[in-house]
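Hydrogens, waters and symmetry mates are skipped; everything else that's a heavy atom, side chains included, is used. Chain identifiers are assigned alphabetically (A, B, ...) following the order of the sequence lines, protein sequences preceding nucleic acid strands; residue numbering begins at 1 within each chain.
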2 protein chains.
Amino acid sequence: MAADAIEPLGITTAEEEAYRHIQRALRMGRYRAGDRLIPEEIATEIGMSRMPVREAFRQLAAEGLVVIRPNRGCIVAGLTLDEIYETFEIRSVLEGLAVRLAMPHIDVEVLEELERQLDRMERASQTGSSDWVVRHQAFHLQICQLSNRPKLVRQIASLHVVIEPYLRIWFDYVDKPASARAEHEILIEVLRSGDAGKAEIVMRDHIVETAPLLANFASPGRR
Amino acid sequence: MAADAIEPLGITTAEEEAYRHIQRALRMGRYRAGDRLIPEEIATEIGMSRMPVREAFRQLAAEGLVVIRPNRGCIVAGLTLDEIYETFEIRSVLEGLAVRLAMPHIDVEVLEELERQLDRMERASQTGSSDWVVRHQAFHLQICQLSNRPKLVRQIASLHVVIEPYLRIWFDYVDKPASARAEHEILIEVLRSGDAGKAEIVMRDHIVETAPLLANFASPGRR
DNA sequence: GACTGGATAAGTGGATACACAGATACGCTT
DNA sequence: AAGCGTATCTGTGTATCCACTTATCCAGTC
């Protein structure tokens, strides 16, 4: 159960292709917030009819990536500054919970694996924002997975997808891989300490402190 | 924006009707977990074609109320015991966050309104489980709304819907309106104190303590 | 010259029809 | 007699079609 946290629930081949195609485009920042997504356009692009695309829209709307207004089409969802803060607030308590619950499953091998993840993250930071964002997400989700709470991990993963474009933009403007590494080292540190309550607090702080940083570079478009 | 927290995002008349119809049936416990939802059946029942029903399924799947397996239809989602606990864990941190953020907006009128809500809840407990569950949800959401965080409130509301059938069953077996009132009085108490940090902790405890109670009565069917 | 009203065009939402996948039951073979 | 394979049927998934809503543009009026 819950094989991959980011996977949508029930989807068939054609619809899945549409979903993946659009989600990738959105995550890569190909569209800007407020852009209209025209079903026919995307349908012909992938080589199918409008219908699977419509269903994909619905899936994406449920995840908060697009907004469907009745009879007025599908537009790319943008987060206001307040919504970015809100998303980070939610992330902070959810990932805080996850790390607290993960603590019993932390052992030496896990810590070593997380260190390797950080190495990969640092190396990726040189190749570009895309790679770094992916590695950064992988690091956070790796910890969350250890909580052994599928629904929790799924919700967290969903939030990561929503803020991904903003993280990307932030990274493109100010690249600070050095301090990013240090901040995540702190997380491994507290995991090593074995104090679940402390780990929760550290994770919370780690996340909410990130929000103001990229708030300055907010909005790849306006809603 | 964000007029009603429980409202799905982009939905048209026909689809909305299908959505409401199915959700109400699910919340009332009309179906049991694992039951198949046949699009054609529901469509004719409301007097429309299968399509809006399918879109409604997708919406419900995103909320975790049903599960859609490719080419194998839509079945009512059931929560395992672990998943019930997990849902309450998630609720506890989210509503904890909400009450912490709500604190600055607490004043005398709000407290009085919450007291009235408790009165209504107690009165409803005599008329039946349905009324009590609705009032109980309203009380919790009332507090959450004060946080002024639309996305947070939406997520919490969604979790309430998922656990609603289980709360209903629990209430039908052991009705304990008296202690329920006392437990919620504590919440108003801490809101009156003005201590945001303490309120968060109290809310968390209040919620996680509920989980084991209704775990004994878990599962209106098996997935 | 600007604003409002109507008409036309474009595009979304819904229904119906069709193709394909999965489940079940029956028959054949071992 | 039991197990496997096949055939049929039910039901999902996709496409095309139609109706209705909305947006845009132009003309008329103030």
Between [N] atom [atom2] and [X] atom [atom1], what is the distance in whole Å?
X: A:E15; N: D:dT14; atom1: CD; atom2: P; value: 6 Å
X: B:F57; N: D:dG11; atom1: CZ; atom2: P; value: 13 Å
X: A:I75; N: C:dT12; atom1: CD1; atom2: C1'; value: 15 Å
X: B:R54; N: C:dG13; atom1: CZ; atom2: P; value: 15 Å
X: B:I68; N: D:dT14; atom1: CD1; atom2: P; value: 12 Å
X: B:E55; N: D:dT12; atom1: CD; atom2: P; value: 15 Å
X: B:R69; N: D:dG13; atom1: CZ; atom2: C1'; value: 16 Å
X: B:N71; N: C:dA23; atom1: CG; atom2: C1'; value: 12 Å

Problem set entry | 5' priority, DNA chain D, between A:M51 and B:G73 [closest heavy atom] |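 The answer here is B:G73.
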
Seminar exercise, completed: Output for pair (B:L65 CG, B:C74 SG), nearest 0.5 Å, gives 10.0 Å

Seminar exercise, completed: Of the candidates C:dG14, D:dT12, D:dT14, the side chain of B:I38 sits closest to D:dT12

For this session: Report yes if a donor N or O on one partner sits less than 3.5 Å from an acceptor N or O on the other, where the partners are the side chain of A:R72 and the base of C:dG13; otherwise report no.
Result: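 Check fails, no donor-acceptor contact within cut-off.
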
Exercise. Any donor-acceptor pair under 3.5 Å between the side chain of B:R36 and the base of D:dG11?
Worked result: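 Not at all, since no donor on one side and acceptor on the other fall under 3.5 Å apart.
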
Will you find, in the side chains of [X] and [Y], an N or O donor that is under 3.5 Å from an N or O acceptor?
X: A:H184; Y: A:H136; answer: yes
X: A:Q145; Y: A:H105; answer: no
X: B:E95; Y: B:H206; answer: no

